Number of protein chains: 2
Amino acid sequence: MFSRIDHIGVAVEELEPALELYRDSFQLQLAHREVVEEQGVEAVLLDVGENHVELLAPLGPETPVGKFLARQGPGLHHVAYQVTDIDATLAALSQAGLALIDERPRTGIRGSRVAFVHPRATGGVLTEIVEPAAAAGADH
Amino acid sequence: MFSRIDHIGVAVEELEPALELYRDSFQLQLAHREVVEEQGVEAVLLDVGENHVELLAPLGPETPVGKFLARQGPGLHHVAYQVTDIDATLAALSQAGLALIDERPRTGIRGSRVAFVHPRATGGVLTEIVEPAAAAGADH
């Protein structure tokens, strides 16, 4: 069902100090930077082998990541698993009785198709499913 | 420096309901189960491609994971990056000025060598470095 961990999402107050850590100290390659208005974040992707770290800075305090930061401070925000067919995966998860935040995929970073499973169905772990855009270099 | 995300660690109250989610609903392969007395947990590893999910149930309320659960409930606990030479990595991180919880590696699950970076050096993200045991099937 899941081919790998696509990324971990990390909530940060500001991108620059986080980039100093992940790009400079951890020596991860910066892969992409994008304002995702729909999700209220500016996001940066860095490569870790075939996986990624996604840094998420809120566009304002009333965004989901802004509220997350106000509630519990910076830190691990979500985990995303990569799939090759998000429609089939969502159907399977729904059939397994899991509550979904997104019944249908929406557009994520780099033209991917994404959906979130509800944390109450996953022991408090905000869980994202990602089908990369074909051009993004998935291994198929 | 890091070859991939080795695993995400997930704090759970009990292993069985978490296994129903990760093994049965998410269809991840159960790879390993171990009581790690030194860390006060019973841990289960499940495969996600070359990555893993590590479920962590505390052996008691006074353990680090027990205190984590009391403080913020179940959810994402840490992220671990895989390296081929943990001694060289710790030296490099220390040289970069990062505070380490473990100046020297200790023994982790499945005979791996592990060390934790202090969350105050990593924007609140508890970060583990893992050098797998040779027999554990690292790609070298």
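Heavy-atom basis, side chains included; hydrogens, waters and symmetry copies ignored. So that the names make sense, note that chain A is the first sequence line, chain B the second, and so on, each numbered from 1. Source: prediction; values computed, not measured.
By the rule that hydrophobic residues join a cluster once side-chain heavy atoms approach within less than 4.5 Å of another member, Leu100(B) and Val83(B) end up as members of one cluster. The same ILVMFWY cluster, assembled from side-chain heavy atoms under 4.5 Å apart, contains both Phe26(A) and Leu46(A). Val12(A) and Leu56(A) fall into different hydrophobic clusters, defined by Ile, Leu, Val, Met, Phe, Trp and Tyr side-chain heavy atoms under 4.5 Å apart, directly or through other members. Note: the hydrophobic cluster containing Leu59(B) does not contain Val10(B) (ILVMFWY, side chain heavy atoms under 4.5 Å, direct or indirect links). Leu45(B) and Val41(B) end up in different hydrophobic clusters when Ile, Leu, Val, Met, Phe, Trp and Tyr side chains are linked at under 4.5 Å.
Residue contact with chain B, scored on non-hydrogen atoms closer than 4.5 Å, involves the backbone of Ala121(A) exclusively. Heavy-atom distances place both the backbone and the side chain of Leu76(A) under 4.5 Å from chain B. Heavy atoms closer than 4.5 Å to chain B are found in the side chain of Thr127(A), but not in its backbone. Both the backbone and the side chain of Val79(A) come within less than 4.5 Å of a heavy atom of chain B. Neither the backbone nor the side chain of Glu13(B) comes within less than 4.5 Å of any heavy atom of chain A. With a 4.5 Å cut-off on non-hydrogen atoms, Gln95(A) does not touch chain B at all. Only the side chain of Leu21(B) comes within less than 4.5 Å of a heavy atom in chain A; its backbone stays farther off.
Enclosure of atom CD in Glu34(B) by more than 12 non-hydrogen atoms of other residues, nucleotides or ligands within 6.0 angstrom is indicated. Residue Arg71(A) qualifies as enclosed at atom CZ: its count of foreign heavy atoms under 6.0 Å is above 12.
Atom-to-atom distance recorded for Glu50(B):CD and Glu50(A):CD is 8.5 Å, nearest 0.5 angstrom. Put simply, CD1 on Ile8(B) and CD1 on Ile5(A) are 5.0 Å apart, with the number rounded to the nearest 0.5 Å.
When all heavy atoms of Tyr22(A) and Thr122(B) are compared, the closest pair comes out as OH-O, 4.3 Å. Contact detail for Phe2(B) and Leu28(A): the closest heavy-atom pair is CD1-CD2, 3.9 Å. Across every non-hydrogen atom of Ser25(B) and Leu98(A), the tightest pair is CB-CD1, 4.3 Å.
Taking chain B as the reference chain and counting heavy-atom pairs below 4.5 Å, the highest number among Ala96(A), Gly123(A), Gly49(A) is found for Gly123(A). Heavy-atom pairs under 4.5 Å with chain A peak, among Thr89(B), Asn51(B), Val125(B), at Asn51(B).
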